[in-house]
Amino acid sequence: TASGDALPPAPVSGATAAQTGFANQLALAWSNPADPDWRWTRVVRKTGAVPTHPRDGIPVYEGKLGGYVDADASNGSSHTYAIYTVDHAGNHSAPVNVSAMPCSSTPAADFVADMTQGVNTLGVQFSSTTSSDTTGWSWDFESDGIPDSTLANPSHTFGPGWYTVTFTASNCAGATPVVKTDLIQV
C-alpha cells in the first residue's frame, strides 16, 4: 500500500450481536471484507451510546477473525458495538453498529394446569407462564427429581395418587423453580 493511501477499507458485512446462553456474554459475528487493503478489524463497545470513532468506547477485539465473544458485557445493560476495518495505512472504515443485551436476571416463572382432579386416570395439559427471556423448561411430574419433559407446554397422564409438580424455567442468568405440592389428585 502506498504511503499516500487515504482511502478507507471496505466495512464488514453481516454483523450480528446475540446472547450466548451465559450471563455477562454476547456473541459478535461478522464477515471481513475481501478488500486487498484490509489489514484487521477493531471492535469497540459502549454502554448507553453509540461509539463514534474507533477509540470511542472500550476496545473488545482487534484481529482477523470473523467473530468474538465479549465475556465482560454487563447483564441488564444494552451494549452497542462499532465494528471498524483498518487498512495498512491506518485508515478505518465507517462503523457497522450492532446492539444486544445479556440476560439480566433469572426468568419469572409459573404455570397452570387445565385440570387438577380426576378418577382412575387424568390427562393434564400444562402451560408455562414464564417471562419472554426463558430459554429452557423442565418439568418433574412424579416428584423423583428426574425431568419428565423439557417442552414449554407439555401434557402428562397421571394414574391414581396425589402428585406434586415441579416446573423450572431457565435462561442464561440461571433457573427459577416453582413447586406446587399435591396439585394433581386422581
Does some side-chain heavy atom of [Y] sit less than 4.5 Å from a side-chain heavy atom of [X]?
| X | Y | answer |
| --- | --- | --- |
| Asp37 | Asp5 | yes |
| His156 | Gln125 | no |
| Asn97 | Tyr81 | no |

Could you check whether any side-chain N or O of [X] sits under 3.5 Å from a backbone N or O of [Y], counting only pairs where one atom can act as donor and the other as acceptor?
| X | Y | answer |
| --- | --- | --- |
| Asp140 | Thr166 | no |
| Tyr84 | Val44 | no |
| Ser149 | Pro154 | no |
| His79 | Ser74 | yes |
| Asn91 | Asp87 | no |

[X] and [Y]: same hydrophobic cluster, using ILVMFWY side-chain contacts below 4.5 Å?
| X | Y | result |
| --- | --- | --- |
| Val43 | Val50 | no |
| Trp38 | Ile83 | no |
| Leu7 | Val86 | no |

For residues [X] and [Y], report the shortest heavy-atom separation together with the two atoms involved.
| X | Y | value |
| --- | --- | --- |
| Lys180 | Asp110 | NZ-OD1, 3.2 Å |
| Asp35 | Pro9 | OD2-CA, 3.3 Å |
| Pro11 | Val96 | CB-CG2, 4.0 Å |
| Ser127 | Asn153 | CA-OD1, 3.1 Å |
| Ser99 | Thr80 | OG-OG1, 2.9 Å |
| Gly174 | Pro107 | O-CD, 3.9 Å |

Indicate whether any N or O donor in one side chain lies under 3.5 Å from an N or O acceptor in the other, for [X] and [Y].
| X | Y | result |
| --- | --- | --- |
| Thr150 | Ser138 | no |
| Thr106 | Thr176 | yes |
| Thr85 | Ser93 | yes |

To the closest 0.5 Å, what do you measure between [atom1] ([X]) and [atom2] ([Y])?
| X | Y | atom1 | atom2 | value |
| --- | --- | --- | --- | --- |
| His92 | Trp40 | NE2 | CH2 | 10.0 Å |
| Gln117 | Gln185 | CD | CD | 4.5 Å |
| Ser77 | Asn24 | OG | CG | 9.5 Å |

Just to verify, which of Asp70, Thr20, Asp72 counts as forming a side-chain hydrogen bond (donor to acceptor under 3.5 Å, both in side chains) with Gln25?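 So, applying the side-chain hydrogen bond (donor to acceptor under 3.5 Å, both in side chains) to Gln25 and each of Asp70, Thr20, Asp72, only Thr20 qualifies.
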Transitive ILVMFWY cluster of Phe167, excluding itself - 4.5 Å side-chain cut-off: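 Cluster partners of Phe167: Phe111, Met115, Leu122, Val124, Phe126, Trp137, Trp139, Phe141, Phe158, Tyr163, Val165, Val178, Leu183, Ile184, Val186.
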Tell me, with the steps shown, if Asn32 and Thr41 meet side-chain hydrogen bond (donor to acceptor under 3.5 Å, both in side chains). CA-CA 8 Å; Asn32 289 313; Thr41 299; 2.6 Å; yes
Go through Tyr61 and Trp30 one step at a time and tell me if the ring pair (Phe, Tyr, Trp, His ring centres under 6.0 Å) criterion holds. CA-CA 12 Å; Tyr61 175 79; Trp30 61 86; 5.6 Å; yes
Using a strict 4.0 Å threshold on nitrogen-to-oxygen distance, state whether Asp56 and Arg45 make a salt bridge.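 Salt bridge flag = no for Arg45 with Asp56.
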